[in-house]
Amino acid sequence: MQLSFHNSLTRTREPFRPIDPAHVRMYVCGPTVYDLAHLGNARPVVVFDVLARLLRRVFPHVTYARNITDVDDKINARARESGKTIAEVTAQTAADFHADMAALNNLPPDIEPRATDHIPQMIVLCKKLIASGHAYAAEGHVLFAVASFADYGRLSGRNQDELLAGARIDVAPYKRAPGDFVLWKPSDATLPGWESPWGRGRPGWHIECSAMAWEHLGETFDIHGGGADLLFPHHENEVAQSRCAHGTAGMASIWMHNGMLTVDGEKMSKSLGNFFILRDVLARGPWVGEAFRLLLLRTHYRSALDYTETALAEARAELDDFYAMLARPAPEGEALPGMVDWVLEPLGDDLNTPLALARLRDLRTLENVANVGGSAAAVHARTPAPWSPAPGVARAAVLEAAAVLGLLWHDPAAWRQGGGDTAAIEAAIASRLAARAAKDWAEADRIRAALTTQGIVLEDGAGTTSWRRA
RNA sequence: GGUCCGGUGGCCGAUUGGUUAGGCACGGGACUGCAAAUCCCCCAAGGGCGGUUCGAUUCCGCCCCGGACCUCCA
């Protein structure tokens with residue numbers, strides 16, 4: 001399968017050519033663990049989880065690294081205000097993050113480096129940058145000299161004049177230029193710190209990713225991902241640090257940035273205070289995790305995505321349709337050649353998940369036609385061949401393709417019927433089947449109406465009745 | 001103000017210089033004891049003004065509108 005992706009660096013779609021096809025390497029910026037994940041935090045995790053699954057399908061060996069930032073002033077502030085230690089805050093938040101991302105069926109990355117485990121590497125980078133004239137020490141700080149790097153601004157599409165003009169913070173007196181950014185900063189006794197050639201201190205935000213990517217993926221690697229809001233300054237600064245420290249022409253071959261998630265048309269933001277905690281949304285039911293994942297994948301990853309109640313309900317309804325198909329008894333089948341690749345092909349075209357989902361629906365229709373009856377003519381107008389599979393065949397293709405999207409992992413019966421005691425429901429259905437056999441339609445309808453008030457929907461089949469929760 | 005990305009039918013949302021996206025909702029039909037599930041049909045679009053072209057939703061220019069970034073942010 002040919003892959004191509006939109007590269008933020010060149011602002012064009014490029015064929016994906018790994019530096020080493022035998023080992024594809026991807027780095028994605030992970031969370032700063034100071035608070036529970038909000039809805040927007042989930043988007044890059046899901047997007048790059050799908051990308052990792054796709055890469056693993058195409059290439060023999062993939063290393064996907066996603067860091068955890070466990071040293072940051074927001075963490076310090078959270079510890080101070082909550083009365084917990086920094087270690088408690090980071091450990092608990094990281095555990096919460098893992099649980100929430102697992103609820104969205106994200107696979108763990110291959111490597112999950114932590115910033116505090118890479119302090120020595122950060123210090124080495126600072127030393128290298130100072131030695132090569134790209135950084136300087138001043139008043140316990142180490143700062144990157146933006147003017148020393150001609151390509152600074154290339155990734156985010158800015159020139160240095162604009163950046164200086166746009167600098168809106170007060171310029172610290174120890175900076176040579178307003179755009180210079182901190183690699184290392186001093187810590188007083190109340191703050192976490194590590195001994196360094198510049199005194200006891202802690203890393204700046206950007207240096208950690210340069211250090212961890214270097215340690216685990218090398219000086220250059222294939223894909224660097226993250227949210228579009230990280231393009232500047234975070235990724236711009238990462239490139240500057242890594243390229244200047246290693247003397248390379250680039251850091252990652254392809255930079256990929258997911259669009260922002262908005263709520264009712266406004267960006268989710270800590271400072272705006274309009275953010276939804278993912279865990280609160282997940283608490284609404286066992287269906288939410290998958291419905292939210294589908295909601296995310298129904299929009300192309302680079303587009304802005306507006307989260308609404310309606311969109312979540314629609315995603316759930318769509319999953320209901322898939323699980324209705326999967327819950328229907330069908331013989332074990334094997335996908336016809338080409339079926340799965342037909343669905344996944346759009347993923348190779350800059351991760352076009354909406355088109356892949358449209359094709360997944362077509363395979364669902366083929367299974368429904370095979371199993372229930374009807375015409376597949378409309379679907380055949382789109383498929384590469386007039387597939388008319390036996391029952392169970394398209395079903396197998398749906399499951400295989402959905403697995404690359406990280407969808408349809410629930411047990412169909414559990415999805416439709418939920419947990420809890422079902423004996424009373426089964427008993428009522430048995431009574432109704434007896435009434436129907438006796439053509440006592442009034443009694444049959446009375447039982448169904450009673451179940452309807454409990455939120456139970458009956459589906460009569462040939463000689464049997466199945467049920468689901470509405 | 002600067003930079004960038006968008007504006008597609010009632011809603012969501014892809015592809016494409018000419019040929020059906022798809023989903024949801026609405027309406028009609030098949031099937032069903034009645035339903036549900038399922039299938040079929042129908043519906044309706046491309047912000048505005050110019051330009052290129054035989055032909056533009058698709059390419060170019062301008063304008064309008066929306067969003068993101070401009071050193072907390074996925």
Side-chain angles (χ1 to χ4, degrees), chain A residues 8 11 28-32 37-48 72-74 77 153 156-159 161-163 165-169 178-182 205-206 225-234 236-237 257-262 265-272 275 295 298-300 302-306 308 310-311 313-315 317-318 320-321 324-325 327-328 346 349 352-362 364-365 367-369 371-379 381-382 436 439 441 444-445 448-449 452 457-461 465-468 470:
Chain A
S8 301
R11 281 167 267 284
V28 174
C29 288
T32 300
H38 65 231
L39 256 31
N41 293 125
R43 195 174 188 194
V45 177
V46 169
V47 163
F48 292 106
D72 183 276
D73 287 350
K74 290 192 291 293
S156 57
R158 297 150 205 265
N159 64 53
D161 292 340
E162 287 165 3
L163 292 170
R168 59 182 182 189
I169 57 165
D180 292 355
F181 56 91
V182 169
W205 176 28
H206 316 295
D229 52 346
L230 296 183
L231 196 48
F232 186 87
H234 184 54
E236 190 71 60
N237 293 354
H257 292 92
N258 60 275
M260 296 295 98
L261 180 144
T262 59
E266 266 197 307
K267 184 192 168 195
M268 291 234 328
S269 157
K270 304 274 172 171
S271 57
L272 289 177
F275 61 94
L295 180 155
R298 278 161 56 111
T299 299
H300 184 84
R302 288 198 289 125
S303 300
L305 185 162
D306 194 34
T308 61
T310 308
E314 195 173 306
E318 176 159 16
D320 285 343
D321 290 342
M325 179 272 281
R328 212 175 286 130
D349 185 17
N352 190 343
T353 53
L355 187 57
L357 287 169
R359 292 182 175 184
L360 195 68
R361 289 182 201 108
D362 277 339
R364 182 188 65 201
T365 296
E367 177 66 25
N368 285 334
V369 167
N371 210 307
V372 182
S375 163
V379 173
R382 292 185 288 271
R436 292 183 69 215
K439 297 198 188 299
W441 308 127
D445 288 350
R448 179 167 60 197
T452 299
V457 178
L458 299 185
E459 298 173 2
D460 289 335
T465 294
S466 60
W467 64 277
R468 64 184 166 90

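Quantities reported herein were computed from a predicted structural model and do not represent experimental measurements. Lettering of chains follows the sequences in order, A, B, ..., and the numbering in each one begins at 1.
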Write down the distance separating the C1' atoms in B/A30 and B/U52, rounded off to the nearest Å. 50 Å
Rounded to whole Å, the CG-C1' distance (A/D320 to B/A36) equals 13 Å
The criterion is salt bridge (charged side-chain N to carboxylate O under 4.0 Å, His left out); which residues satisfy it with A/R468, sequence neighbours excluded? A/E459
So, is A/S303 near the phosphate of B/A14, with a side-chain N or O under 4.0 Å from OP1 or OP2? yes
May I have the distance from A/L305 (atom CG) to B/G67 (atom C1'), rounded to whole angstrom? 13 Å
B/G13 phosphate, OP1 or OP2: any side-chain N/O from A/T299 under 4.0 angstrom? yes
Using the P atom in both, what is the distance from B/G22 to B/U15, to the nearest Å? 15 Å
The side chain to side chain donor-acceptor pair (under 3.5 Å) partners of A/T262 (sequence neighbours excluded) come to A/D306
Which residues pass the side chain to side chain donor-acceptor pair (under 3.5 Å) test with A/S8, sequence neighbours left out? A/H257
Roughly how many Å apart are B/A25 and B/C40, using the P atom of each and rounding to a whole number? 15 Å
Starting from P on B/U71, measure out to CG on A/N237 and report it in whole angstrom. 12 Å
Looking at B/A21, B/C39, B/A37, which one has an atom nearest to any side-chain atom of A/R468? B/A37
State whether A/N258 places a side-chain N or O below 4.0 Å from either non-bridging phosphate oxygen (OP1 or OP2) of B/A74. no
Picking from B/U71, B/G13, B/A37, which would you name as closest to the side chain of A/A324? B/A37
Side chain to side chain donor-acceptor pair (under 3.5 Å) with A/T365: which residues, sequence neighbours excluded? none
Please tell me which of the listed nucleotides, B/A21, B/A37, B/U71, lies nearest to the side chain of A/F181? B/U71
For A/F232 versus A/S156, what's the shortest heavy-atom pair and its separation? CD1-OG, 3.5 Å
CZ of A/R11 versus C1' of B/G6: gap in Å, rounded? 16 Å
Distance, C1' atom - from B/G23 to B/G9, rounded to whole angstrom: 13 Å
Side chain to side chain donor-acceptor pair (under 3.5 Å) partners for A/D349, two or more places apart: A/R13
Between atom CE in A/M325 and atom P in B/A36, what is the gap in whole Å? 21 Å
Sequence-distant partners of A/D229, salt bridge (charged side-chain N to carboxylate O under 4.0 Å, His left out), two or more places apart: none
If I take atom NE2 in residue A/H300 and atom P in nucleotide B/G6, what distance separates them, rounded to the nearest angstrom? 10 Å
Take A/N352 and A/A381, find for each the nucleotide of RNA chain B with the closest heavy atom, and name the residue whose nucleotide sits nearer the 5' end. A/N352
Under 3.5 Å between N/O atoms: give me all the protein pairs with nucleotides 23-26 of chain B, atom names plus distance.
{"unit_1": "B/G23", "atom_1": "N2", "unit_2": "A/E314", "atom_2": "OE2", "d": "3.3"}

Among residues at least two apart in sequence or on other chains, which ones pass salt bridge (charged side-chain N to carboxylate O under 4.0 Å, His left out) with A/R359? A/E345
Sorted by chain and residue number, the salt bridge (charged side-chain N to carboxylate O under 4.0 Å, His left out) partners of A/R364 (sequence neighbours excluded) come out as none
Rounding to the closest angstrom, what is the interatomic distance between B/U53 and B/G18 at atom C1'? 12 Å
Considering all heavy atoms, the nearest A/A444-A/R436 contact: CB-CG, 3.7 Å
Check whether any side-chain heavy atom of A/L295 sits under 4.5 Å from a side-chain heavy atom of A/L305, and report yes or no. yes
Which pairs, protein N/O on one side and nucleotides 31-34 of chain B N/O on the other, fall under 3.5 Å?
{"unit_1": "B/G33", "atom_1": "O6", "unit_2": "A/R432", "atom_2": "NH2", "d": "3.4"}
{"unit_1": "B/G33", "atom_1": "O6", "unit_2": "A/R436", "atom_2": "NE", "d": "3.4"}
{"unit_1": "B/G33", "atom_1": "N1", "unit_2": "A/D445", "atom_2": "OD1", "d": "3.0"}
{"unit_1": "B/G33", "atom_1": "N2", "unit_2": "A/D445", "atom_2": "OD1", "d": "3.2"}
{"unit_1": "B/G33", "atom_1": "N2", "unit_2": "A/D445", "atom_2": "OD2", "d": "2.5"}
{"unit_1": "B/C34", "atom_1": "O2", "unit_2": "A/R448", "atom_2": "NH2", "d": "2.0"}
{"unit_1": "B/C34", "atom_1": "N3", "unit_2": "A/R448", "atom_2": "NH1", "d": "3.2"}
{"unit_1": "B/C34", "atom_1": "N3", "unit_2": "A/R448", "atom_2": "NH2", "d": "3.2"}
{"unit_1": "B/C34", "atom_1": "N4", "unit_2": "A/D460", "atom_2": "OD2", "d": "3.0"}

Using a 4.0 Å heavy-atom cut-off across all strands, classify A/D72 as base, sugar-phosphate, or nothing. nothing
Interatomic distance at P, B/U32 relative to B/G46, whole Å: 42 Å
Looking across every strand, which nucleic acid part, if any, lies under 4.0 Å from A/L357 by heavy atom: base, sugar-phosphate, or nothing? nothing
When you match A/D306 and A/N368 each to their closest nucleotide on RNA chain B, which lands nearer the 5' end? A/D306
Here the distance between atom P of B/G22 and atom CG of A/L355, to the nearest Å, is 11 Å
Using a cut-off of 4.0 Å on non-hydrogen atoms, how would the nucleic acid contact of A/L458 be classed: base, sugar-phosphate, or nothing? base
Using atom P in both nucleotides, what's the gap between B/G13 and B/C72 to the nearest angstrom? 30 Å
Within the 4.0 Å heavy-atom criterion, would you say A/H257 contacts the bases, only the backbone, or no part of the nucleic acid? nothing
Would you classify A/G40 as touching base, sugar-phosphate or nothing, given that sugar-phosphate means primed atoms plus P, OP1 and OP2, and contacts are heavy atoms under 4.0 Å? base
Applying ring pair (Phe, Tyr, Trp, His ring centres under 6.0 Å), can you list everything that pairs with A/W205, at least two apart in sequence or on another chain? A/H234
Side chains of A/L261 and A/H38, heavy atoms from C-beta outward: is any pair under 4.5 Å? no
Which dot-bracket notation, 5' to 3', represents the base pairing of RNA chain B when pairs are defined as Watson-Crick or G-U with both distances under 3.5 Å, crossing pairs as [ ], and inter-strand pairs as |? (((((((..(((.....[...)))..((((.......)))).....(((((..]....))))))))))))....
Between A/E314 and A/R298, does any side-chain N to carboxylate O distance fall below 4.0 Å? yes
Measure CG/A/D229 against P/B/C5 and give the value in whole Å, please. 17 Å
Using atom P in both nucleotides, what's the gap between B/C24 and B/C42 to the nearest angstrom? 16 Å
